Amino acid sequence: VNIPKTKKSYCKDKNCRKHTMHKVTQYKTGKASLYAQGKRRYDFKQKGYGGQTKPIFHKKAKTTKKIVLRLQCQQCKSVSQHPIKRCKHFEIGGDKKGKSASLY
């Protein structure tokens, strides 16, 4: 999937509320915090003797992840997210496919 670097999209911000140009980037998961409740609970449970206390997931079935676009309004700088379908190959601002390439 090839997506342009800018896209005209609706901005939900209370200052805009209209279609404006948005800068497109790919969403990436942030670094996991050591102080999140689940991580604190897991670390406390893992302490001491007794081995692995919670199941570790091994049966991975999916080969792709759903792509999430991060759209930043160029007027008010508010950010919205737009999930698209699964794909193995994804790029932003790549070369456009010409008419002749799609015929054969």
Side-chain angles (χ1 to χ4, degrees):
V1 179
N2 182 14
I3 284 177
K5 286 184 179 178
T6 55
K7 175 184 180 180
K8 198 166 198 179
S9 182
Y10 183 74
C11 179
K12 281 186 187 174
D13 193 77
K14 61 177 168 56
N15 303 327
C16 272
R17 287 199 179 127
K18 58 179 178 276
H19 281 80
T20 56
M21 288 307 284
H22 284 67
K23 195 171 100 181
V24 180
T25 52
Q26 189 176 356
Y27 166 80
K28 284 192 170 60
T29 315
K31 188 180 167 194
S33 169
L34 287 171
Y35 305 108
Q37 178 60 63
K39 177 68 174 150
R40 284 181 284 153
R41 187 184 293 124
Y42 177 74
D43 288 342
F44 187 77
K45 198 172 182 182
Q46 286 289 89
K47 259 186 196 167
Y49 297 110
Q52 181 66 34
T53 58
K54 290 181 84 58
I56 299 175
F57 184 69
H58 290 298
K59 295 184 175 180
K60 188 169 175 286
K62 303 277 188 282
T63 57
T64 57
K65 287 189 172 179
K66 289 182 180 176
I67 303 294
V68 178
L69 302 180
R70 189 174 169 275
L71 303 171
Q72 185 178 36
C73 178
Q74 290 184 338
Q75 287 182 9
C76 68
K77 303 293 182 210
S78 72
V79 175
S80 60
Q81 292 181 338
H82 180 227
I84 57 173
K85 290 182 179 177
R86 296 176 178 275
C87 59
K88 293 206 174 187
H89 175 76
F90 177 77
E91 62 180 322
I92 294 176
D95 295 332
K96 283 192 176 180
K97 204 189 280 183
K99 292 256 188 221
S100 59
S102 61
L103 288 173
Y104 299 106

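Note that this is a predicted model, so its numbers are computed, not measured. When a residue number appears, it is its place in the shown sequence, counting from 1.
Taking NZ of Lys7 as the start and CD1 of Ile92 as the end, the distance is 11.0 Å to the nearest 0.5 Å. Of the inter-residue distances, the one linking Glu91 atom CD with Lys5 atom NZ reads 10.5 Å to the nearest 0.5 angstrom. Taking CZ of Arg17 as the start and NZ of Lys12 as the end, the distance is 11.0 Å to the nearest 0.5 Å. Interatomic distance, Thr53 OG1 to Lys47 NZ, rounded to the nearest 0.5 Å: 13.0 Å. One finds the NZ atom of Lys66 at 12.5 Å from the SG atom of Cys87 (value rounded to the nearest 0.5 Å). A distance of 9.5 Å separates CG in Asn2 from NZ in Lys97, rounded to the nearest 0.5 Å.
Every side chain to side chain donor-acceptor pair (under 3.5 Å) that Asn15 has, sequence neighbours left out, goes to Asp13.
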Please assess Lys39 against Asp43 for the test salt bridge (charged side-chain N to carboxylate O under 4.0 Å, His left out), listing each intermediate value before the final yes or no. CA-CA 6 Å; Lys39 177 68 174 150; Asp43 288 342; 3.1 Å; yes
Applying side chain to side chain contact (heavy atoms under 4.5 Å, CB included) to Ile3 and Ile67, what does each step give before you reach the verdict? CA-CA 11 Å; Ile3 284 177; Ile67 303 294; over 6 Å; no
Would Cys16 and Ser78 satisfy side chain to side chain contact (heavy atoms under 4.5 Å, CB included), going step by step from the backbone distance to the final call? CA-CA 9 Å; Cys16 272; Ser78 72; over 6 Å; no
Apply side chain to side chain contact (heavy atoms under 4.5 Å, CB included) to residues Lys62 and Thr64 and explain how you reach the verdict. CA-CA 6 Å; Lys62 303 277 188 282; Thr64 57; 5.6 Å; no
Output, in order, the C-alpha distance, side-chain angles, deciding distance and verdict of side chain to side chain contact (heavy atoms under 4.5 Å, CB included) for Thr25 and Gln72. CA-CA 8 Å; Thr25 52; Gln72 185 178 36; over 6 Å; no
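Closest heavy-atom contact between Tyr42 and Gln52: OH-NE2, 3.1 Å. The heavy-atom pair separating His19 from Tyr10 by the smallest distance is CD2-N, 3.6 Å. The two residues Leu34 and Arg40 come nearest to each other via the heavy atoms O-CG, 3.9 Å.
Hydrophobic cluster membership is shared by Val24 and Ile84, with clusters built from Ile, Leu, Val, Met, Phe, Trp and Tyr side chains linked at under 4.5 angstrom.
Of the candidates Lys18, Gln75, His22, His22 is the only one forming a side-chain contact (heavy atoms from CB on, under 4.5 Å) with Cys11. Tested against Ser9 for a side-chain contact (heavy atoms from CB on, under 4.5 Å), the candidates Leu71, Thr20, Leu69 yield a single pass: Leu71.
The number of heavy atoms from other shown groups lying within 6.0 Å of OH (Tyr49) does not exceed 12. When the shell of 6.0 Å around CG of Asp95 is examined, it contains 12 or fewer heavy atoms from other residues, nucleotides or ligands.
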